[in-house]
Every structure is written in C-alpha cells, then in structure tokens.
Chemist: 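I'd like to ask some things about the structure below.
A, B, ... follow the sequence lines: proteins, then strands. Residue 1 opens every chain. Here the structure is a predicted model, which means the values were calculated and not measured.
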Amino acid sequence: MYALIDCNNFYASCERAFRPPLIGKPIVVLSNNDGCVIARSNEAKAHVPMGAVYYQYKQVFKEQNIHVFSSNYPLYGDLSNRVMNVLSSFSPEIEIYSIDEAFMSLSGFERLDLTCYGKAIKEKVKQLTHIPVSIGIAPTKALSKIANKIAKKYDSRTGGVYVLDTAEKRAKALKWTKIEDVWGIGRKFSQKLIKTGVSTAFDFTQLPEEYVKKEFSVVGLRLQKELQGISILKLEQVKTKKAIATTRSFKSNISDIESLNERLTTFACSCAEKLRRQNSFCNMLMIFIHTNGHRKDQAQYSKNIVMHLPYPTHSDITLSRYVTKGLNAIYKKGYAYKKAGVIAMGISPNTEKQINLFENENPKHEVLMKVMDRINSRLGMKKIKLANQNLQKTWIMRQDSLSCRYTTDWNELLKVQ
DNA sequence: TCTGGGGTCCTAGGGCGA
DNA sequence: TCTGTCGCCCTAGGACCC
C-alpha cells in the first residue's frame with residue numbers, strides 16, 4: 001500500500017502558520033513579480049481562479065477582503081522540510097514528490113488500521129508544523145492520488161484520510177473521478193479522451209491496452225495498470241537533477257544588450273551555485289531571450305542557443321563567459337525583452353568529470369568558487385559577485401506583499417509580545 | 001504598467017558506424 | 001567495393017507534473 005500525503009493549499013497554509021488570525025480568512029499567494037495567483041485558500045477559491053492575473057483582480061481582492069501575499073519561497077521551503085521530517089518518522093520509505101507532497105510506502109503496515117495510522121500522521125504534522133494535510137492510501141501511487149482527492153474533497157466525512165482498500169471502493173472512486181482530474185492526464189489527453197466517450201477514470205480503465213499504448217504511449221499504459229490496481233510505479237530515490245535552470249520575467253522591459261548580459265550573467269552564476277551545491281558539473285549551456293508574448297501590439301522575437309562547453313564546469317566565470325558569447329549570437333537590437341533565462345544541461349557528478357585532452361579549466365576557478373560560496377553563505381546574501389554583475393542589485397522583483405522569513409532569518413523571527 | 005518558475009519523460013526522425 | 005539493415009545517439013517537440 002502507498003500513502004500520498006498532500007499539504008492543503010500549501011503556500012496559503014504557510015502564511016497562516018505564523019499568523020493564526022488568518023485562519024478561516026480568504027488568502028491568495030502570487031507568483032514572482034506579483035504576476036498571477038499561484039495558491040488560494042479554500043475561502044478564496046470561490047472568488048479567484050487559479051492563475052488569475054493580479055492587476056485584473058485587484059478590485060475583487062478588495063471587495064472580498066482577500067489577503068494577498070507575494071511568494072515567500074524561503075518560508076515555504078523551510079516549512080516543507082519540516083513537514084517531510086515529520087513524515088519520515090512514520091515510514092522508512094518515503095519519496096518527496098514536490099514541495100507539498102510525499103508518497104510513503106506502507107508495505108509491512110497492512111496489519112494496522114490504516115485509517116487510524118493516517119490520522120495519527122495528519123495530527124502529528126499539524127501539531128509540529130501547523131500545516132494541515134490530506135492523506136490518501138491505496139494499492140498503487142495513481143490510486144493513492146485519487147484517494148487523496150476524496151479525502152480532501154470530503155474532509156468533514158473522512159477526517160482528511162481515505163483508504164481505498166477494496167475492489168468496490170476502487171470502482172466507485174474511479175467512476176467518481178473525472179478523466180481530466182486523473183494524475184498524468186493533462187488538458188490535451190483529456191480532450192482527446194472525452195471525444196472518444198471516455199469521461200471518467202473508470203472508462204479509461206476499460207479501454208483496450210493496444211489502443212492506450214498506441215494513443216498515449218507507455219506512459220498512458222502504466223497509468224491504466226495503476227488505476228486497475230496493478231502497481232507499476234515504485235517509490236523513486238533522490239536523483240541528481242538533469243537540468244538546472246534560472247529564468248525570470250523582468251519587472252519592466254529591457255532592450256540594451258549590456259543590461260541583458262548583466263541579467264543573464266547573474267542567472268548563470270545562480271545555476272553554477274546550484275550545480276556546486278549538488279556536487280556536479282554541466283557541459284552544455286542554453287540561454288534564451290523572449291519579448292512579451294502577451295503584448296500582441298509589440299514586435300515579437302524569441303530565440304535560444306545551446307552551447308557545448310569544452311569541459312565540464314560549475315564555475316561562475318566560465319559560464320558567464322559563454323553567456324556573453326551566446327547572447328552576442330542571438331541578440332537583436334530594437335526589441336523590448338521581457339524574459340530571459342539560463343539552463344545548465346549535460347549534468348554529471350563530481351566523481352565522473354570527463355577531462356578534455358586539449359583544454360581544461362583553470363584550477364584556480366575551483367578554489368575561487370569555494371571561497372566565494374563560503375563568504376556568501378556566511379554573510380547570508382550575495383556580497384561577492386563577478387565584475388559584470390550589477391553590484392547595486394537594482395533588479396529587485398516586485399514583491400509588494402511579502403511576509404517575513406519567520407524561520408530562516410534572525411532579523412525576521414516571530415515577535416511574541 | 002502589470003500575465004511565474006522549474007522540472008521530467010517519451011517519441012519521432014535523422015545521422016552515422018558496424 | 002557497394003548496399004542494405006540495425007541499433008545507438010542526439011535533438012526537437014510535445015506531453016505531463018508541481
């Protein structure tokens with residue numbers, strides 16, 4: 001059996017964890033640059049759709065007394081770690097699936113009353129982190145997702161925990177689940193399925209295998225088996241990332257190549273730092289620049305370039321050199337750029353560095369990067385930068401409604417009066 | 001004025017060497 | 001020496017997830 005533990009309206013719950021008066025009040029959390037709504041409390045869901053554009057909904061927020069927060073990732077990341085730590089004490093096998101979800105293996109726990117065990121987990125997480133969770137338990141990962149949806153939807157009846165442990169319950173749950181709500185069936189696939197008369201998860205399980213394989217590849221076939229109660233997807237081990245990206249939309253458009261180069265250099269340094277943190281190198285670098293696709297009245301241009309590096313690296317200096325080279329190749333004058341990014345690819349661990357016969361990195365880079373990381377980590381922020389980055393840090397994201405970093409910054413600890 | 005960011009996996013198709 | 005086939009690798013594009 002597998003359990004899926006999912007934090008309820010996670011970002012909104014994090015904001016509430018340190019501000020109890022907000023319990024029961026409508027809350028939304030915005031994306032970077034306060035662009036659009038990325039999380040809503042239950043109370044806000046009736047008034048604001050997911051992805052709503054902030055400036056278009058300002059009036060609604062005001063009228064409905066909805067509390068608005070800019071996203072506060074240091075806080076959410078820290079609370080997520082705390083939740084996962086609590087969960088780890090309930091099973092030796094746990095897969096952290098995302099910032100607010102984890103799968104847990106309950107094999108060997110079958111003799112227990114799983115509903116009671118689920119409730120014990122839920123209560124412990126609530127007690128230690130103040131984050132409410134819902135728990136779905138079932139024989140496969142895909143079914144545990146459905147069980148979780150039921151637990152969340154019928155919270156008062158289920159107490160936030162639902163176990164799908166019989167064929168009857170499974171059939172009933174599958175008939176209740178709309179095809180577009182099935183984990184792994186996105187917008188395109190659900191449209192295609194609905195056209196052929198498949199409107200529920202149960203209908204999907206009745207389709208011929210060959211048809212599913214042909215139309216939805218092995219991914220669809222695996223999912224079908226999982227929904228039929230045959231466990232195919234196992235818990236996954238922590239893996240090193242295959243790509244590391246830093247991409248941003250700008251608060252206002254950028255047209256000149258110097259400013260773009262400064263931004264992209266900073267993004268490259270952020271990628272390099274993430275690479276060093278996970279002890280790996282990259283040997284390919286992609287950069288891209290976009291104009292604002294939402295502004296149909298403005299001239300559009302979008303281009304990316306992939307560069308193969310001569311040797312694996314995680315040096316700020318090397319990556320920034322290639323960023324400049326790439327930008328010179330794709331930049332076109334006369335456009336207002338809204339978004340840009342750097343993606344490090346071809347990632348290999350420190351232990352498997354492929355050395356080039358003819359050209360290798362200056363060994364001083366490695367030492368320098370270590371010193372930079374140590375100083376920056378001790379000072380808590382980016383004090384040491386490359387010379388072609390902006391030392392004044394005038395590129396601040398729009399975050400008009402940011403809450404405190406209650407758990408990760410000494411200066412922002414909760415004050416008790 | 002203002003519309004997020006960061007990932008994974010699979011398939012098709014072309015190049016290329018055995 | 002030429003040709004056909006097979007399989008591997010790479011890339012682009014498309015689907016999905018949170």
Side-chain angles (χ1 to χ4, degrees), chain A residues 4-11 28-39 48-59 61 68-73 76-77 80 95-103 141-142 145 148 179-193 212-223 232-233 236 238-253 267 270-271 274 278 283-284 286 288 290-298 304-308 336 338-347 397-401:
Chain A
L4 172 68
I5 300 97
D6 189 316
C7 301
N8 299 346
N9 315 319
F10 182 55
Y11 294 173
V28 296
V29 178
L30 304 175
S31 63
N32 276 355
N33 271 325
D34 291 350
C36 53
V37 171
I38 55 166
V48 192
M50 194 60 143
V53 179
Y54 174 54
Y55 74 92
Q56 291 173 350
Y57 272 79
K58 267 188 177 166
Q59 193 58 32
F61 296 144
V68 178
F69 290 92
S70 303
S71 41
N72 186 344
Y73 290 108
Y76 310 152
S80 171
E95 172 193 340
I96 298 172
Y97 180 67
S98 71
I99 193 165
D100 72 332
E101 272 178 65
F103 286 103
K141 286 170 91 176
K145 274 267 184 185
N148 188 286
I179 191 66
E180 61 267 33
D181 293 336
V182 174
W183 181 46
I185 302 285
R187 199 180 307 162
K188 296 271 178 178
F189 284 176
S190 62
Q191 278 171 0
K192 198 165 152 183
L193 283 163
V212 174
K213 170 89 192 323
K214 185 167 169 279
E215 297 295 325
F216 304 99
S217 83
V218 293
V219 182
L221 194 59
R222 274 184 216 144
L223 178 61
I232 305 285
L233 306 170
E236 290 184 12
V238 181
K239 290 180 285 189
T240 52
K241 290 203 171 93
K242 296 181 175 173
I244 285 180
T246 301
T247 70
R248 291 285 180 278
S249 293
F250 308 132
K251 200 169 167 183
S252 48
N253 294 331
F267 299 164
S270 153
C271 286
K274 292 178 196 172
Q278 69 161 44
N283 63 17
M284 276 193 281
M286 180 171 107
F288 68 82
H290 290 175
T291 49
N292 187 345
H294 296 287
R295 293 290 301 268
K296 302 296 177 205
D297 56 317
Q298 292 179 350
N304 71 57
I305 184 170
V306 178
M307 288 161 286
H308 291 256
K338 177 66 181 167
K339 184 172 177 172
V342 174
I343 304 173
M345 302 183 299
I347 293 177
M397 259 194 289
R398 177 174 295 157
Q399 286 182 309
D400 294 338
S401 320

Chemist: Classify the nucleic acid contact of Lys214(A) as base, sugar-phosphate or nothing, counting any heavy atom under 4.0 Å across all strands shown.
Modeler: nothing
Chemist: Decide whether Thr291(A) and Lys339(A) meet the rule of one side-chain donor and one side-chain acceptor closer than 3.5 Å.
Modeler: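 Distance-only check fails for Thr291(A) and Lys339(A).
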Chemist: Arg398(A) near the nucleic acid: base, sugar-phosphate alone, or nothing, with a heavy-atom cut-off under 4.0 Å?
Modeler: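 Here Arg398(A) touches the bases of the nucleic acid.
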Chemist: Tabulate atom names and distances for all N/O pairs under 3.5 angstrom spanning the protein and nucleotides 14-17 of chain B.
Modeler:
none

Chemist: Below 4.0 Å from chain A heavy atoms, what is the first contacting nucleotide of DNA chain C and what is the last?
Modeler: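 Listing 5' to 3', DNA chain C meets chain A from dT11(C) to dC18(C).
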Chemist: Ignoring backbone atoms, establish whether Ser249(A) has a side-chain N or O less than 4.0 Å from OP1 or OP2 of dT3(B).
Modeler: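 Result: no.
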Chemist: Any side-chain N or O of Arg295(A) under 4.0 Å from OP1/OP2 of dT3(B)?
Modeler: no
Chemist: Taking only residues two or more places apart in sequence, or in another chain, which ones meet Phe61(A) in a ring pair (Phe, Tyr, Trp, His ring centres under 6.0 Å)?
Modeler: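 Here the qualifying residues are Tyr54(A).
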Chemist: For Glu236(A), what residues pass the salt bridge (charged side-chain N to carboxylate O under 4.0 Å, His left out) criterion, not counting sequence neighbours?
Modeler: Lys239(A)
Chemist: Applying ring pair (Phe, Tyr, Trp, His ring centres under 6.0 Å), name anything that partners Phe288(A), two or more places apart in sequence or on another chain.
Modeler: His290(A)
Chemist: When you measure from the centre of the six-membered ring of Phe250(A), is the NZ or CZ of Lys338(A) closer than 6.0 Å and no more than 45° off the axis?
Modeler: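 Because its charged atom misses either the 6.0 Å distance or the 45° angle limit, Lys338(A) does not stack over Phe250(A).
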Chemist: For nucleotides 10-12 of chain B, give me every protein contact, N/O to N/O, under 3.5 Å, one pair per line with atom names.
Modeler:
from    : atom 1 : to        : atom 2 : distance (Å)
dC10(B) : OP1    : Arg222(A) : NH1    : 3.1
dC10(B) : OP1    : Arg222(A) : NH2    : 2.7

Chemist: Can you tell me how far C1' in dT1(B) sits from the matching atom in dC18(C), rounded to whole Å?
Modeler: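 So the two C1' atoms sit 30 Å from each other.
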Chemist: Which of these nucleotides, dG7(B), dT3(B), dG5(B), is closest to any side-chain atom of Lys338(A)?
Modeler: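 Within the option list, the nearest is dT3(B).
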Chemist: Out of curiosity, Glu95(A) CD to Leu4(A) CG, how far, rounded to the nearest 0.5 Å?
Modeler: 10.0 Å
